[in-house]
Every structure is written in structure tokens, then in C-alpha cells.
Amino acid sequence: MSYAAGSNYLNHEKGLWSWLTTLDHKRIGIMYMISVFTFFFIGGVFAMLMRLELFDPGPLFAAQTYNQMMTYHGAIMTFMVIIPGIPAFIGNFTLPLLIGAKDVAFPRVNLLSWYCLMVGAAISFATLFFAGVDTGWTFYTPYSIQTSGTVLMVLGAFVMGFSSILTGLNFIVTVHKLRAPGMTFFRMPLMVWALYSTAVIQVLATPVLAITLLLLAFEKMFGVGIFDPNLGGDPVMFQHFFWFYSHPAVYIMILPAMGIISELITTFSRKTIFGYRAIAFSSIGIAAVSFFVWGHHMFVSGQSSFAGIIFSFITMLVGVPTAIKTFNWVATMYRGSIQLKSPMLYALGFLFLFTIGGVTGIMLATLAADVHFHDTYFVVAHFHYVMVGGTLMAIMGGVYYWLPKMFGKMYNEFGAQLSFLFIFCGFNITFFPQFLLGSAGMPRRYHEYLPEFTSLNKISSIGAWTIGFGFLIALAVIIHCILKGEKAPQNPWGGKTLEWTHADSPPIHENFATTPVVEAGPYEYGR
Amino acid sequence: MSEHEHHILPFKLYLKIFLSLVLFTFITVWVAQFNFGSLNTLIAMIVATIKATLVALYFMHLKYDDKTNAVCLLAGVFFLVVMFAFIAIDVASRIPLESTL
Amino acid sequence: MAHRITDTDGSHYAFHYKNSNHEFEASKFGIWVFLCTEILMFGGLFVGYILNSGKYPEVFEVGATFLDWKLGFLNTVILLFSSFTIALSIRNIQIGEQKKAFNNLLVTVLCGFGFMGVKGYEYSHKFHLGLLPGKFFNYTPHTAESDSHPTGEADEKPARSNASETSHVSELPKNMPMYFSFYFVMTGIHGTHVIIGMCLILWAMLRLKRGDFDPKHYTFVEGAALFWHLVDLVWIYLFPLLYLV
Amino acid sequence: MIKKLSAFTSILFTSASAFAEYGMPQAGNNYASRVDSLYYFLLIASLISCILVIGGMIFFVFKYRRKSEFDQTPYISHNNTLEFLWSFIPFVIFMIVFVWGFLLFREAETAPKNAFEIHVYGRQWAWDFAYKSGKTTTNELVVPAGRPVKLIMTSKDVLHSFFIPALRIKQDVIPGRYTSLWFEAEKKGEYQVFCTEYCGAEHSGMLAKMKVLSNEKFEEWLSDDPMKEYEGLSLAARGEKVVSKKACTACHNFNADVNGAIAPGLKNLIGKKRNFADGSSMIADREYIRESLKYPQKKVVAAYDGKAAMPLIPLNEDEITWIIEYIKSDKD
């Protein structure tokens, strides 16, 4: 395949139809970017409305409306933004480039996975036009089988689950079978380790979600009585089935983010990673142990205390590899040559917020403390620190890091750093007060709260709108970069991984003119 | 690339496997008549697992394939057992509570 | 279509693979990962079944008596035979006997229809008796006694009881519908997978007729066969659990 | 060095406890204050680890700023002792915290034998309490101070969760099953009770008050005739009191006849035409109100078919007549 000068995967074929039927992993990655960003802004609008309601104790929207907003914010952000977010969008684009492959193992399955996400999202949004779902993104029975709209939303989540399974399947086979010659497992970049362990979780956990949602739909339609207490079923059984998927799902969210952070910190400290094997093995370790800890969501839900004790113990174990990774990143920066570009700013923001999220996670894993904190705003603050502070910071860092490679154009550095400032400060103003609200006992999913919680909620709402404003600036920076950014060099950051050293920006349709041969590890700074 | 992968098994082997599978089905039915209480499900599971391994090893060529395929099968089963074990621990160790009203 | 490169020895493979065998290995590995997700999906049902049968043992024992284990046994043998024939068809393709492979696939699909036929008969028998899942359950013991043989004609007049009715339990345990909920959900999803398997095999037969497959390239048939074996595997576990509790 | 260290930890301790004071509500009993001390320990450990990680990060960012495009960095790939230390130390801290949490959790889980038992019924959007003496209250749990109290809880419809922040205890309430919670309230006073498991529209309105009385006052409250508080009130006024005590006003609006989001308005209901979900309709009269109070599901107003069903609220005959009188009294 000879390539005319300047031909790349973007102008390789023209027209919308060439995009909608593309098999090129890079194009599918861009299509995922557009879908994930759109869903993120829809979910974000719901979040802004929720904070509007919670600005003061009095009712603004009807109770039912707020509960629906809370449900859609949760469902959109988890199923449509943060689970497909990094693996499908950044992962699809970068995985073949990082391991020196021409494409993922099954290009058509890759395209099918994008359509599963869009069809599933369409079905889920259809519930907005009917009665709307107000069960929370967890669909706990028996409330979810008494209220309306659950079946359609559950069907949507079921279809979106396939998108996650197919992406995971694709990545596992790609990493096993399509690595460039010379790239042994321990010469793979840590981003690939992270995507690989995420894919393993996606493949092993999502099918259980599929059967759980199917049983929930049958419960609602035919009253099969497995989860319905009036027919002898057990709502705690539903929670077991649901969280068996949903806890590994939170590791689907954070593991790829850790992969991006490993890339960003090494490149912008211009120093080889500290403890490559420790980070690689803790990725796999977290993926494995994540299937043993789901019960810490159910300490007070009627689960037996003996089971609670076992789950709490194992949750402490899963905390150790996460802590090891964080220490390794900080150790990588020791005696490095740190350049504070915006991807690095987001990586540092990740370290700051993820550490706070991590330590509060340990508080929630402690049995006696969780009894007090469960289902209060302490939990809301914890998981936002880990998800927004962790995964979203990594997504923004990853986007700015790979934007020159994706579109061959540099973004406006000042605009990016400005948006970081708003997002980072707004984030802390929003969610740090929620720790205090939670420990003071304010339960979550309340549309009206007692007057004593007013001041902290006011601060939190103001912070939320700051984050919203920050993301608007970020969107403007990204769109400006795609349309009018000036030409980016092949390796703007001095990265040592294959996509910087061998592929040009934006890469050609087949990624590499000649298949690269790998002789050394991925981060050969100062060798 | 060596052409080792397309393993062709003799017809007789397929026949032997099929007949032993039918035999095991008879065993399953036969052993179900005796009532060992809760042990019944366990025995039924063991016999079914033997049949399943036969089908997997010979009919699905797991015996002659790259080991990673077998790892997929075992990983699926392993995490199922983990799920069952932890939920069973919870269900078994719940202390039933009676209302004294 | 990811454009394919034809190799020197006539085999062809997608551009991002090294050679056709590399693609075959990768496809097979991908199919096995998919089978793993199928196992986990069915497994979730099995975990639910075993846990609930532990919680309500009498419901599941009485429920099993309503099932005719002889039909279950027949279905198991049918599926085992179909696994045998589809394995043979793979062997035939590998040694180039396209005609025999086609016949074996045909036998497999017919076994599939046979299996669904037996299943259909069992379902209609249950619908007739009112042993439906969940809230549609309206089985009253006395109708069993005066029940007509389910030959499909309207049963407004009471008729004699069905011979295979082993249990005349006058009073059923409290949440009896749960057994039939599990029965219909598990066999229903399994039945859907049997139908999907049959469509895959019919498609494979079509392409075999068109001469797409040769000893060097038969990935699709291998995939259909593996999926069919998995469906058989699930039934191997389903049969003792549902019929022989 | 030790002096500096101890000064440092004491500042940490006071700042953590001040921070926690601001965070945690006033401890209602000894158990709660022991949970607080666990929380202080967690806070201090987190504070120190955050200072180490984030402080270290910020320090490195400034100390190792990129000076020129050609900086050379050392190739440090790993350091086994350091890596062992920062895996083992967090592990040890996590185990300490696990055991401490486990001990408190087990204590909160096994109720003493002689505990005073009270029954709690969670229903969509109110808490009903039933005492052994037959006394029932809604959204008002009265308990003796200094005596262990055991709550035996179930739900009438969906999942709820009984949470007393002041005592740091919480337990989900599951329909079809009993769950229990025990505590020994020490400080007398009034404490807020929340529902923390999402249960529908008015989940945030499902609040109850827990009153801790001294032993004598509690005995006296328990034994006094429940009708005492209604002396001297007209029937309609008594109806109004019952309606607010049983939290009917949470869903029904008694001084408007327009249909609310959750339940119909009941102003001058008598004589008005009601059409029901099953197509039938009738003129509302005393008998209709009595039947709807006894069997809420019998006649559901058409607009609310499929919505959250009205729960059965324990009412005796007098209370029913008072409610009817109260609704009748709206007309004039």
C-alpha cells in the first residue's frame, strides 16, 4: 500500500458514510470521542440542574423530577461516559499504535461495539419521552419493579453492556496476538497493561450485568419472583448480582485512567517509570481482586455481618496495590525534568484528587465507619473524587496529550491551563464540603434537606457551576484545536512510545509505514 | 509458521467420546434416583462437569489448542465459583430474626 | 471489509495479520473469549438457581416432579449427537470432504429442530396446565386430575389427567411459581441460543455450498461449531439441575 | 526530635478532632464517641499520607523543574526496599483500621438479651413504631435513656434504611424480612432520624424524631392513655391532629381539592364524584372514606393508577371517625 504524501487516516476516505462504516480503529476512536463528549455534556446538564435544586433547602423542581435527574445523571455518566470513556475512545485510538499493530484484532466487531453503544443510548434516552426512570442508576428492587420506565432503561443498559464486552474482547486478543515483533509483555507501555487488565474485567464482569438486567426486566414484566420479596424473592440477592458487576465496573473506570497517568508522568518528567513491574502487576492484581470485594457496598443492606467482615478485609487488600501505584508515580517524578504542560497539570490534578479519594475509600471500607457514612454525601464525595478527580482528569490529560497525534494539530496551551484551573478549583469547592455534609449525616438522593445543611450545599452548588464553566472552556479549546490548531510535529512531547517515535501525526491509515521492531522497554529516558 | 495447528482427530476418537457422553448421561439419570439429600446437586454437578470436560477437550479441540483458550474457559468458571461462594457465605450466615410483637 | 491479502499458498487473510494461520488463531481466541462471556451469563442464572433451590428446597423438588425427565433425557442425547455430528463436519472440512461436511451440518440442524420440537411440546404441556412463570401461575391441583391430554384442542370440558403427572400434591408450597420462573427463564434463554446456533450453522452450510471453505480457511464453521458445543455444554448442566433435583 | 514530633501530632490531633467536630454530629452515646475516635485516627492517617504524597509531588515539581530541553535524568527503574516499605506500611495501617472497625461493628451487631424491643415499620415515606404495650406512633420514636433498646424492623413496601446520625448507626429495612438495630442512648434530647435507602418520590421527606427520655418519664409516657392528648378537642380538631401525627399530610393536601402529584386533595371531599382506576365511580361519602382508610387499594382514584400505592396505616375506630369529621368540617 503506497501512500501519497500528506495522506492520513482522516483524509484517507471522504464522506459521512465512510466514517459510519469505517473499520479503522482510529476513526472508531474519534467516533467514540464525539459520542462520549456528547453524553458527558448531557449528563453534566443533569448535574447542573441537580445542584440548582440543592442550592437551597426549598423545593425548586417537583420531587419526581429531581429523582429522575439524579437517575439520568448517574446512568448516563456511568454507562455512557466513564465506562466506554477511556477504553473505547482513547484506548481504541492508541492501543494498536502503542503495540505497533496495524489495527485491532476484529475491526468489524469494533464497529459493532460503537453501534451497540449508540443503540443502547438511544433506547435509554427513549425513556425520557415516556414516564422517565426515577430508581437511581442502581435499579434496586423492589422499588425498580414498582415504578415505570425501568424495562426500557434496563434494555438500553443491556445493549450498552455488549459494547463494553466487545471492546474488552477485542483488546484482549489484540494484546495477545498483534504485538510488534520484539515487544514482549514487559516491553509493553503501561497504558497497554492498564487497557489489558480493564479488558479482562470488562469481559468477566459485564455478562453478569447482562443476566441481572435481563432478570430485572423479566421480574417487571412476568413477575418471576427472584428479586421481588412479595413473591419470595430477595432484594439483597439483586444487590449481590448488581454489585458483582458494578464494583469491577469502577475498576474498569479507574484502571485505564492509571494507564494514562503512567504515560503522562513519565513523558513530562522525561524519566523512566519507577517500578515498571510493580505497576504492571498491580494492574493485573487489582483486576483480579476486584471480583472479591463487591460486598462493601452492602455492609448495612441486610447482608450478614460475617460476609461484611470478609468483604471489608479483602477491600483493604485491594487498597494496597492502588497505594503502591500512587507512590510509584510520585517516585517517578524524583530527579526528573518536569515540564508543566496541561497534560502534566491534569496528571498532577489526578494524583492530588485520587489520593484524597483513595484515603476516603479506606474510611468507607472500615466497617464501623461505613455504617455511619453509607448512602450519605460522604460516599457521593468519595466516588466523585475517585471518578471525576481520577478518571475524568486522566481523560482530559489523555485528550490533550494525544490530540496532536489524533488531529496533527496543537491545542492552545493557555486555554487548556485556564480550563484546568476552573475544573480543579471548582471540583474541590464542590465535593470537599460534601465530605462534611456526609459525616454530618446528610443522606444522598435527597431533593430537599434540613436547613442545617444549607451553607455547605450552597458552596457545593457554586463549585459545581465552576466545573461546568471549566468544561465549556475545555470544549472550546478542543474544538478550536481540531479546526484551527497549527500543525503539530510528529513527537511534540518527546515521548518514547511507538506512536510518537514511529507513527506520524496524524498517522497513516495503516499506522506505520514499516512495522516497527522493538528492542527495548517503553520509557528509555536517560539510558 | 508451522502447520501444527489444524489437528485432525481420527473418526474413532469422536465416536468413543460420543458414546462415553451418552453413557455418562445414563449415569446421571441412574444416580439421581438415590436420595442423598443436598448431596444430589453436588453429584449431578460432578457428573455434568465430567461430560463438559469431555466435550471441551475433544469436540472443542481444547486439548490440542493454544493453552490461552483453556484459560478463558477456566477463568469464566473460576469467577462464577467466586460469585457463588461469596453469596452463599452471606445467605448461609444470615441470622433469621423473628418478630416478638 | 478489511481488505484481504491472498498469500502465496492460496490462503487469504486480513491486512493486519501476518498470515492466515495467525488470523485463524486470533479468531479462535476471540471466539473463546466470547464463549467465556456466555458461560458467565448462563452461570449467573445457575448461581441464582442453586441459591434459591437451597432457600426453597421443597418448591424445587415439587417443581421437578412436574417435569418429564424422559423428555429431558431425550433432549440431552439429541444435543450430544448434534455435537458429535458438527465435530465430524469440522473434521470433514479439514480433510477436504465438503459433501460429507454438508451432510453432517444438515444432521446437526435437524437435531436442533428436534430439540426445539421437544421443548415446544413441553412448553405447551405446561402452558396448558397453567404452570406459568411468576404472576401468571394459575395451576390448581384439581384441574390436573380432570385435565385433558394436551392435543391442542380447546379444553373447556374437563378430561382425564395426563399420564406423566407424577405428583398429585394437593397443596403446593408457598412460592411455587419461582421454580417455573427459573425453568422458563433458563430454558427460554438456552432455547434462544439454540436458535441462534442453528442460524449460524445454516449460514455456514450456505457458504460451504458456495465453496468458501477449504482445509486452509474454515474459521466461520469452526466458530459456529464452538458456539454449538457451548450450547450443548450449558444443556449438560441444565438437564440434571432442572429435571433431576 | 521527639518533642517536635509529639508537638506535631498533638496539633494534628486537635486539628483532626476540630475538623471531625465540625463534621460529625454531637455523639449521642459512648459507642458513637468510640466510632468518632476511629474516625479521628482515620483522619490523621489520611492527613499524613496526603501530606506525604501531595506534598512530595508538589516539592518534586518545583525542585526538578525542566531547566533546559537537554536535561538528562537518571535511569532509576526500581528500589526493592523502598517498594517493600511502601507496600507493607499501608498494609499494616489498613489491617489496624480493619480490626478496629471490625470490633466496633461486631459490638453494634449483637444486641444484649435484656434490650427493650420496639417494632419499626418503614413505609413509603413515614416510619411507624409499635410498642409492646400496644401504643403506636408515627415518625416519633420515644426511648428510655441508659437502657439498651433493640429495634426489630421491616418494611411494608420497598427498601428503606433507618439512620440515626447521632448514634452512628444505620440498618436497611427490607420488605418480607426482619432486620435489627440496637443502641443505648445516653444523652437525653431529640435526635434526627433519616431514611437513607432511596425509596421513591418523598424519600427526602421520610424523617422521624427520636426522643430520649429519662426512665421515669419514659415509663409514664408509655403507660399514659393515648387518648389523653385529645381531651377537650372537637372531633374535627382531633381528626386534624391524627392526620398530622400519622403523616397523611405527607401525601394528601387537606385544604385543596386539586389532585396532588402523589395523592388526591381532600378538601370538601364528601359529596364530590370520584372516578376510579377500574372505571367505576361514586359520590364520596362517609362509607367511602372509611373503606379507603381500612382497605386503601380497594378504590384507587383513576389519576393514580400504577403510582405508588397508599399504604395501610394502623388506625382505630375513633381515629377513623375523627378523620371523617375533620374532612367533613372543611365544608363550612
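Only heavy atoms go into these numbers, but all of them, side chains included; no hydrogens, no water, no symmetry mates. Naming convention: chains lettered A, B, ... in sequence-line order (proteins, then strands); numbering from 1 in each chain.
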Out of [options], return the one with the most heavy atom pairs under 4.5 angstrom to chain C.
options	result
G233(A), P207(A), A210(A)	P207(A)
I172(A), D24(A), V208(A)	I172(A)
V173(A), T212(A), T174(A), T515(A)	V173(A)

What part of Y56(C) lies closer than 4.5 angstrom to a heavy atom of chain A: side chain, backbone, both or neither?
side chain
When the 4.5 angstrom heavy-atom criterion is applied to I39(C) and chain A, the contacting part is neither
Can you tell which part of [X] gets under 4.5 Å to a heavy atom of chain C, answering side chain, backbone, both or neither?
X	answer
F222(A)	both
L209(A)	neither
I165(A)	side chain
L166(A)	neither
V109(A)	neither
A101(A)	neither

Does the ring centre of [Y] sit less than 6.0 Å away from the ring centre of [X]?
X	Y	result
Y49(C)	F60(C)	yes
F242(A)	W294(A)	no
Y245(A)	H240(A)	no
W235(C)	F115(C)	yes
F244(A)	F291(A)	yes

Given 3.5 Å as the limit, does a donor-acceptor pair link the side chain of S301(A) with the main chain of M298(A), or not?
yes
Check whether K220(A) reaches the backbone of T147(A) with its side chain - one donor and one acceptor, N or O, closer than 3.5 Å.
yes
Could you check whether E25(C) pairs with K28(C) (Lys NZ or Arg NE/NH1/NH2 to Asp/Glu carboxylate O, under 4.0 Å)?
no
Counting heavy-atom pairs under 4.5 Å to chain A, which of F180(C), F34(C), F42(C), Y17(C) comes out on top?
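Highest number of pairs under 4.5 Å: Y17(C).
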